[in-house]
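Just below is one structure, and these are the notes that go with it.
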Amino acid sequence: MPMMAIQKEMKQLANAKKAKLLAGFFKTGRGQYGEGDIFLGVMVPQTRSVAKKYYRSLSLNDVQKLINNPHHELRLLGLIILNLQYTKGSQEQRNAIHKFYLKNTKKINNWDLVDLSAPNIVGAWLLNRDRKILYKLARSKNLWERRIAMIATAAFIRAEKFDDTLKIADILLTDTHDLIHKAVGWMLREVGKKNVSVLIKYLKPRYKKMPRTMLRYAIEKFPENKRQRYLKK
């Protein structure tokens with residue numbers, strides 16, 4: 001069975017030394033954002049290779065088992081498989097994957113899991129549809145749902161549709177978590193790469209009250225002298 005083969009292969013790829021390093025990198029200590037997460041020590045390229053080998057033979061029920069797994073890399077594997085299935089799927093299959101994803105947001109519980117999946121599943125599905133779900137997620141008490149809301153808009157930015165990115169950035173402007181500051185700043189920077197005048201217009205009435213990290217991310221591609229003018233607020 002594919003699930004048994006996957007678990008065996010991932011176990012064979014496990015590396016205790018790398019697992020320890022990853023646990024530190026993803027802040028799994030007490031009181032940290034990744035508290036309690038555990039790692040096998042499998043690197044992302046290895047996980048992608050396993051996903052490409054098996055994604056065609058897995059059902060959403062199989063993916064659910066991966067996403068429910070306590071090991072970070074198996075949840076990552078499940079999300080990479082979802083990405084692949086979404087890309088190759090019919091409209092009906094994509095709709096099912098989108099709904100499945102939204103039912104499992106509590107399991108998409110670290111920034112890498114959000115960042116590799118939210119634009120390609122949530123953002124891609126909503127590109128030409130009603131986006132009210134993103135505003136609900138943006139106001140969630142759950143850190144990862146708020147990040148999903150922001151990062152999903154990367155799909156819109158690629159299509160040069162900026163309104164929802166800017167509106168959700170406004171909702172999250174006073175968020176207290178550093179990972180949201182980074183997410184908002186990153187998406188604003190992406191807007192600027194597509195249309196710098198839109199970014200400048202957005203920043204003008206807001207940059208003085210933006211969290212410092214958010215601002216630094218947003219203006220990262222500006223010329224140094226211009227960056228310094230924004231930072232000397």
Side-chain angles (χ1 to χ4, degrees), residues 3 6-7 10 19 22-40 42 44 47-48 50-51 55 58-86 89 93-126 129-155 164 168-169 171-172 174-184 186-187:
M3 284 298 292
I6 285 171
Q7 290 174 343
M10 292 294 282
L22 288 168
F25 181 72
F26 285 102
K27 309 295 183 185
T28 61
R30 188 172 181 178
Q32 295 181 310
Y33 62 74
E35 181 177 356
D37 206 354
I38 55 176
F39 288 79
L40 290 169
V42 182
V44 174
T47 305
R48 287 190 183 278
V50 174
Y55 79 91
L58 295 187
S59 67
L60 286 181
N61 286 336
D62 293 325
V63 177
Q64 185 72 66
K65 292 173 185 176
L66 293 172
I67 289 177
N68 288 345
N69 198 283
H71 288 100
H72 186 100
E73 292 94 337
L74 285 170
R75 299 198 304 284
L76 176 67
L77 176 63
L79 291 166
I80 294 171
I81 287 168
L82 277 187
N83 275 352
L84 291 168
Q85 290 181 341
Y86 185 93
Q93 290 168 326
R94 290 178 177 185
N95 185 28
I97 290 167
H98 171 72
K99 290 179 178 178
F100 174 89
Y101 186 96
L102 292 177
K103 287 179 181 177
N104 283 281
T105 52
K106 300 295 192 299
K107 306 290 177 62
I108 304 166
N109 57 354
N110 217 311
W111 57 264
D112 63 320
L113 305 181
V114 171
D115 295 358
L116 75 85
S117 59
N120 302 326
I121 296 173
V122 181
W125 180 255
L126 297 178
R129 294 178 174 86
D130 189 301
R131 301 168 187 176
K132 63 184 178 182
I133 183 61
L134 292 186
Y135 293 85
K136 181 180 178 181
L137 293 172
R139 294 182 172 93
S140 171
K141 293 181 180 179
N142 182 280
L143 164 65
W144 307 115
E145 290 188 338
R146 301 198 304 277
R147 188 168 174 110
I148 287 169
M150 191 72 248
I151 299 300
T153 71
D164 291 285
I168 291 170
I171 293 170
L172 298 173
T174 58
D175 200 285
T176 59
H177 204 289
D178 183 63
L179 286 176
I180 299 300
H181 300 169
K182 291 176 179 177
V184 174
W186 174 20
M187 290 301 101

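Panel note: side chain Gln85, backbone Leu58; a donor-acceptor pair is recorded below 3.5 Å.
Distance CD1/Ile180 to OG1/Thr174: 11.5 Å, rounded to 0.5 Å. Between the CG atom of Leu74 and the CG atom of Asn68 there is a distance of 11.0 Å, given to the nearest 0.5 Å. In this structure, OG on Ser117 lies 13.0 Å from CD1 on Ile81, to the nearest 0.5 angstrom.
Taking the salt bridge (charged side-chain N to carboxylate O under 4.0 Å, His left out) definition, one finds that Lys106 meets it with Glu145, sequence neighbours left out. Looking at residues two or more places apart in sequence or on another chain, you find a salt bridge (charged side-chain N to carboxylate O under 4.0 Å, His left out) between Lys182 and Asp178. Applying the salt bridge (charged side-chain N to carboxylate O under 4.0 Å, His left out) test to Asp62 and every residue at least two apart in sequence or in another chain returns nothing. Residues passing the side-chain contact (heavy atoms from CB on, under 4.5 Å) test with Lys27, sequence neighbours excluded: Gln32, Tyr33. Judged as a side-chain contact (heavy atoms from CB on, under 4.5 Å), and not counting sequence neighbours, the contacts of Ala155 are Arg158. In this structure Asn109 satisfies the side-chain contact (heavy atoms from CB on, under 4.5 Å) test together with Arg75, Leu113, Trp144, sequence neighbours excluded.
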Verdict with reasoning, Tyr86 to Tyr101, per ring-ring contact (aromatic ring centres under 6.0 Å, His included): CA-CA 11 Å; Tyr86 185 93; Tyr101 186 96; 9.7 Å; no

Side chain to side chain donor-acceptor pair (under 3.5 Å) evaluation trace for His71 with Asn69: CA-CA 5 Å; His71 288 100; Asn69 198 283; 3.2 Å; yes

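Between Arg146 and Ile171, every side-chain heavy-atom pair lies at or beyond the 4.5 Å cut-off.
Partner of Thr47 under the side chain to side chain contact (heavy atoms under 4.5 Å, CB included) criterion, out of Leu40, Leu79, Leu77: Leu77 alone.
The local environment of CZ in Arg94 is crowded, with over 12 non-hydrogen atoms from other residues, nucleotides or ligands closer than 6.0 Å.
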